[in-house]
Amino acid sequence: MNTEENQLLTRTGPGTAMGEVFRRFWLPILLAEELPAPDCAPVRVKVLGEELIAFRDTDGRIGLLDRFCAHRHTDLFFGRNEECGLRCVYHGWKYDVDGNCVDQPSEPPEFVFKDDIKLTSYPCRERGGLIWTYMGPADLEPELPELEWARVPPAHRYLRKYIVDCNYLQAMEGDIDSTHVPFLHSYLGEQAQRRLRRLQGGSSRLYTEQGLPKWYKISVKDTDYGLMFGFYRQTEDENIDWHITHWLMPAYTLIAGGTPGQTLRCNTRAPIDDENFAFFRVQWNPERPLTAEEIAEYEQGTSFEEVIPGTFLPKRNKENDWLIDRELQKSWNFTGIRSIPEQDQAITISMGPILDRTKEHLGSSDTAIHALRRKLLQAARGVLEGTDPYAAYHGDAYRVRQLDIVLKKDIPWDEGSREQIKATA
Amino acid sequence: MNTEENQLLTRTGPGTAMGEVFRRFWLPILLAEELPAPDCAPVRVKVLGEELIAFRDTDGRIGLLDRFCAHRHTDLFFGRNEECGLRCVYHGWKYDVDGNCVDQPSEPPEFVFKDDIKLTSYPCRERGGLIWTYMGPADLEPELPELEWARVPPAHRYLRKYIVDCNYLQAMEGDIDSTHVPFLHSYLGEQAQRRLRRLQGGSSRLYTEQGLPKWYKISVKDTDYGLMFGFYRQTEDENIDWHITHWLMPAYTLIAGGTPGQTLRCNTRAPIDDENFAFFRVQWNPERPLTAEEIAEYEQGTSFEEVIPGTFLPKRNKENDWLIDRELQKSWNFTGIRSIPEQDQAITISMGPILDRTKEHLGSSDTAIHALRRKLLQAARGVLEGTDPYAAYHGDAYRVRQLDIVLKKDIPWDEGSREQIKATA
Amino acid sequence: MNTEENQLLTRTGPGTAMGEVFRRFWLPILLAEELPAPDCAPVRVKVLGEELIAFRDTDGRIGLLDRFCAHRHTDLFFGRNEECGLRCVYHGWKYDVDGNCVDQPSEPPEFVFKDDIKLTSYPCRERGGLIWTYMGPADLEPELPELEWARVPPAHRYLRKYIVDCNYLQAMEGDIDSTHVPFLHSYLGEQAQRRLRRLQGGSSRLYTEQGLPKWYKISVKDTDYGLMFGFYRQTEDENIDWHITHWLMPAYTLIAGGTPGQTLRCNTRAPIDDENFAFFRVQWNPERPLTAEEIAEYEQGTSFEEVIPGTFLPKRNKENDWLIDRELQKSWNFTGIRSIPEQDQAITISMGPILDRTKEHLGSSDTAIHALRRKLLQAARGVLEGTDPYAAYHGDAYRVRQLDIVLKKDIPWDEGSREQIKATA
């Protein structure tokens with residue numbers, strides 16, 4: 001990986017190739033509850049390096065506009081959200097959800113020029129508890145991705161937002177890097193192993209006794225939605241134990257650890273700028289509402305890390321070294337850091353705001369990461385040449401699930417898993 | 001407005017054109033009380049991007065010098081203010097108010113070279129509760145501006161200092177932009193309107209019922225001191241209602257809202273650097289001492305916003321979004337921000353540290369702003385060509401006042417206001 | 001001094017000339033107690049601009065490695081220090097104290113490539129309560145400096161570490177600048193003078209009555225270890241009163257104020273980067289353990305300034321103007337700053353992160369500073385031409401002490417002091 005490729009992968013601002021890839025998809029940007037009601041307070045949002053303001057108008061429509069009034073470049077955050085538009089408080093110019101200037105009361109009637117004024121605006125949709133936007137050319141508007149968690153009834157889903165202070169890619173790479181799991185997330189000692197198995201349910205098979213790893217091999221398959229990864233290992237009875245993870249363009253992961261009936265997980269990301277991303281962590285059950293026990297576990301701060309009240313910023317963070325506890329690192333778990341998401345973020349953010357991939361030394365266990373980068377570079381170069389991603393225009397391509405499955409060794413993994421990775425909701 | 005013009009207007013450091021304009025005038029830099037007594041503690045001051053140290057010597061003279069000792073470039077803030085000079089504590093070099101090195105005790109008598117050492121120094125004057133300096137060429141020293149508030153007895157005047165974190169110009173433009181008043185500073189509902197009229201006295205005419213604006217037209221007149229702005233509107237009986245605001249070079253405004261006998265207001269600014277300015281807010285009554293009621297109102301934190309104790313920094317500021325209250329924005333006033341000066345600063349600072357004027361779309365209601373920029377650009381280009389501003393050398397040109405007046409419609413506004421805009425103190 | 005020379009003197013990162021000078025010596029980087037035991041927590045260290053991680057392995061050996069894992073560039077601070085190596089928690093790669101990758105458990109045996117992986121590592125030594133490293137070419141490894149304080153038994157020594165936020169050189173210049181002592185560190189009034197004499201013991205001779213200085217002349221002698229400075233003055237009986245200070249390459253000072261039997265002081269520095277340095281302040285007595293009274297004095301916060309608990313950062317610092325007390329500056333001491341080390345740091349840091357020496361005006365009293373700069377420039381240019389410093393390869397050259405002595409006026413100072421400046425421990 002050279003410096004030019006690393007920049008191509010990690011830069012998403014206006015005019016960048018990867019920025020154009022992201023600008024071919026609907027992107028999740030806010031929790032729906034951040035705009036809870038008509039005429040509620042507007043919210044500042046930064047997406048792909050662009051400073052925007054989001055609001056929900058009197059009729060419930062969502063607007064996402066350039067953050068600054070066209071008149072004197074004042075922050076529309078201070079604006080009044082009233083009567084189907086956001087009105088700048090400086091001189092009263094008012095904009096509708098499409099960015100049209102619909103009132104210009106500071107001008108005498110004979111001088112009004114509101115028809116010449118339009119703010120950049122991006123269409124928004126609400127689905128699955130999130131607000132999504134599309135920031136690309138109007139004539140290339142894609143389909144919404146038909147992610148299963150976004151289609152189940154709300155009671156089947158648990159969802160939280162975080163702001164994470166590093167480039168989106170190094171975090172996303174962690175999701176498809178199953179190799180790190182038996183290290184970064186492992187526990188020490190027999191008691192800890194038991195506790196882990198209980199907490200993780202079926203997926204504890206990924207963890208090994210005594211923290212000693214057993215290697216998985218990696219298969220990768222190109223798909224309509226992105227990539228499908230098979231992490232596999234021979235079982236004692238000579239079958240193959242498969243863990244199937246999906247990466248869906250541009251920035252979703254469905255991480256292995258799913259058996260039929262189980263509650264599943266999706267990591268969803270959108271770059272804020274090149275050194276920060278919005279992170280939506282989702283749990284959902286395709287078949288039933290989440291149980292009180294499940295929700296209690298999500299609320300207690302390990303599956304979903306705690307935030308500084310009133311913010312989306314983790315309490316354990318770079319400034320306090322994730323409150324690493326060196327005693328616990330000796331006696332309890334591999335890192336001395338409390339929870340799995342915090343372990344992931346500690347290590348991912350420790351790479352620097354934008355990982356310099358020219359300094360790495362990848363091995364065979366990094367096959368999935370290598371494949372992801374190749375696919376993203378391909379997409380970036382494709383968009384530069386006018387080839388738009390297939391997935392953007394085929395929302396139904398997203399109807400997949402992760403899967404843990406044991407297959408006879410002569411059955412190809414994609415065939416053997418075909419039915420069970422289909423989303424049903 | 002192009003980028004080059006915007007830079008010309010907003011950059012005031014050494015060597016810039018607008019910096020040279022400011023360097024043709026006496027500039028207010030400190031409250032007199034910041035140097036309360038002979039031999040008091042020296043005070044760091046930054047003006048027009050230059051790092052300086054101010055002190056009051058044993059004889060009460062004020063010095064304003066390069067902040068760093070000529071010997072080893074140490075901060076003279078730590079210096080001893082003693083026996084008619086500021087002495088560096090490192091090796092005892094001592095400077096008088098003119099920047100002369102008057103003692104060099106670290107050198108044996110035969111090696112003393114103090115006569116070769118002189119710090120940059122700027123002359124200072126004390127007037128109207130402020131300390132003023134002149135930072136231009138010695139042979140071009142201007143006259144002090146004969147501002148009325150600086151000439152009345154102290155009991156006629158109330159004065160506060162703030163440090164504001166944006167370029168001086170976008171704030172100053174707000175002062176002469178009367179168009180924003182019925183929006184940014186308006187109240188909602190009949191009760192609020194009544195309260196406002198009581199608080200503002202005569203100037204409540206600028207506000208309109210129900211927050212609906214009625215347009216003023218704008219006349220601009222070039223004057224010896226800068227610009228005179230007439231904001232006018234026909235009255236029901238076909239006379240003309242004039243609100244006269246002055247801008248006085250380089251950075252004073254006398255804002256409409258003045259009838260004979262009334263206590264008046266002046267906003268006074270000097271750039272600290274291009275992203276901060278010192279703001280002196282003044283109220284004065286030409287004819288009588290301020291009343292206890294007036295002072296009580298200024299002390300209660302709305303006419304003059306509250307500061308973080310021990311600083312000149314507003315409590316409500318960019319970091320806390322001026323404590324905007326969205327409930328109050330629905331029910332009480334246009335912004336949900338507590339006071340008029342905080343409303344002004346919220347919106348002005350929201351434009352960014354230096355407003356990018358290439359992004360604006362000005363209308364007919366921005367005539368005053370347009371005129372101000374043209375006049376400033378003219379002054380900047382003039383100074384580059386060797387033409388110094390007339391006002392700098394005619395302190396008596398500053399003897400004017402703002403005025404609210406109704407004139408017969410056939411009387412020209414400048415003639416009809418001529419006597420009443422004369423300052424008398 | 002021109003800009004190029006100033007940069008040559010002050011830049012110490014990889015590839016700089018002065019950086020190469022520092023890279024010819026063992027450098028003190030940590031208190032030994034920062035790595036208190038085998039397998040203790042690793043510690044982040046920045047030296048000469050390089051980001052490193054230090055750890056003490058199971059066998060007690062100290063490692064100093066590139067801070068980031070060769071695999072995915074993750075911070076080894078989060079690593080596990082276990083079984084003779086530091087293991088990255090992401091995928092378990094493990095490094096020994098020499099930077100060799102000794103385990104790569106994320107790779108299946110057939111793909112292991114650990115023998116191709118080596119982190120930058122620097123050898124470490126423990127001596128005198130400190131950990132030292134050598135960051136230069138392996139074939140030029142120097143001898144450890146045989147500083148007396150590093151060779152006495154621990155009970156003879158008192159040692160503290162600080163992190164100071166300015167370039168190393170301007171602070172080091174202060175140590176050999178005896179001219180500042182009767183100014184910066186002086187007390188006011190007769191009572192204060194008495195107190196000072198009691199506190200300082202023999203060295204009070206450097207201070208003068210009433211804060212009036214009496215000039216010393218300066219002799220400089222080039223030595224094997226660096227420079228020897230003689231600050232001298234005729235006594236009333238026509239002998240010569242000598243204060244002998246040493247500067248030892250690259251960054252030690254033994255400051256005048258030593259008579260036989262007295263407890264002595266050494267200032268020891270190593271650049272963290274060009275705007276910060278690690279400062280180890282040492283007191284030692286060659287002949288006896290320090291007394292309880294001496295230690296009590298060091299603990300009470302004036303000889304050794306107080307730090308913010310859990311850090312090496314002084315409580316009184318740039319952010320709070322060293323809590324200067326203007327009343328005390330009038331009545332008690334020259335600065336109004338509490339202690340001698342704080343006075344030194346206030347003034348040294350006030351010069352800016354890197355003093356711009358082109359702005360100075362040096363005099364005859366700056367002879368020592370001038371000599372130090374010349375010697376450092378010589379060393380920097382020498383290293384560029386392949387001439388390595390003599391002192392680096394002659395640890396025994398460091399066996400010297402500071403001295404205060406009165407000599408007959410016809411005895412040369414270096415001869416008259418020869419025996420008494422020899423270290424004995």
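Source: prediction; values computed, not measured. Labels below follow one simple rule: chain letters A, B, ... track the order of the sequence lines, proteins then strands, and each chain is numbered from 1.
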Per-residue contact mode, [X] against chain C (heavy atom under 4.5 angstrom):
| X | result |
| --- | --- |
| A/Asp177 | side chain |
| A/Leu355 | side chain |
| A/Ile347 | both |
| A/Ile369 | side chain |

Examine whether an atom of [X] lies under 4.5 Å from a heavy atom of chain A, and if so say whether it belongs to the side chain, the backbone or both; otherwise answer neither.
| X | value |
| --- | --- |
| C/Arg67 | neither |
| C/Tyr90 | both |
| C/Phe78 | both |

Any side-chain heavy-atom pair from [X] and [Y] closer than 4.5 angstrom?
| X | Y | result |
| --- | --- | --- |
| A/His180 | C/Arg72 | no |
| C/Arg80 | A/Leu188 | yes |
| C/Asp116 | A/His361 | no |
| A/Asp321 | C/Arg44 | yes |

Between [X] and [Y] (side chain of the first, backbone of the second, donor and acceptor by atom type, cut-off under 3.5 Å), is there such a pair?
| X | Y | answer |
| --- | --- | --- |
| A/Glu360 | C/His73 | no |
| C/Glu82 | A/Lys330 | no |
| A/Arg326 | C/Cys40 | no |
| A/Gln329 | C/Asn81 | no |

Quiz item: In terms of heavy-atom pairs under 4.5 Å, which option from C/Gly92, C/Ala70, C/Cys88, C/Ala41 contacts chain A the most?
Solution: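 Most heavy-atom pairs within the cutoff with chain A belong to C/Ala70.
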Quiz item: Which residue out of C/Asp39, C/Asp75, C/Ile117, C/Val89 racks up the most heavy-atom pairs below 4.5 Å with chain A?
Solution: C/Val89
Self-check item: Audit row: A/Phe183, C/His91, ring-ring contact (aromatic ring centres under 6.0 Å, His included) steps and yes/no
Solution: CA-CA 6 Å; A/Phe183 299 99; C/His91 302 88; 7.1 Å; no
Can you confirm whether more than 12 heavy atoms, excluding those of [X], are under 6.0 Å from its [atom1] atom?
| X | atom1 | answer |
| --- | --- | --- |
| A/Lys359 | NZ | no |
| C/Glu110 | CD | yes |
| C/Phe111 | CZ | no |

Return the minimal non-hydrogen interatomic distance between [X] and [Y], and the atom names on each side.
| X | Y | value |
| --- | --- | --- |
| C/Phe77 | A/Ile324 | CE2-CG2, 4.2 Å |
| A/Ser365 | C/Ser106 | CB-O, 3.3 Å |
| A/Ser350 | C/Phe68 | O-CE2, 3.5 Å |

Practice problem: Go through A/Asp356, A/Asp366, A/Thr348 and name the one with the most non-hydrogen pairs under 4.5 angstrom from chain C. | Solution: A/Asp366
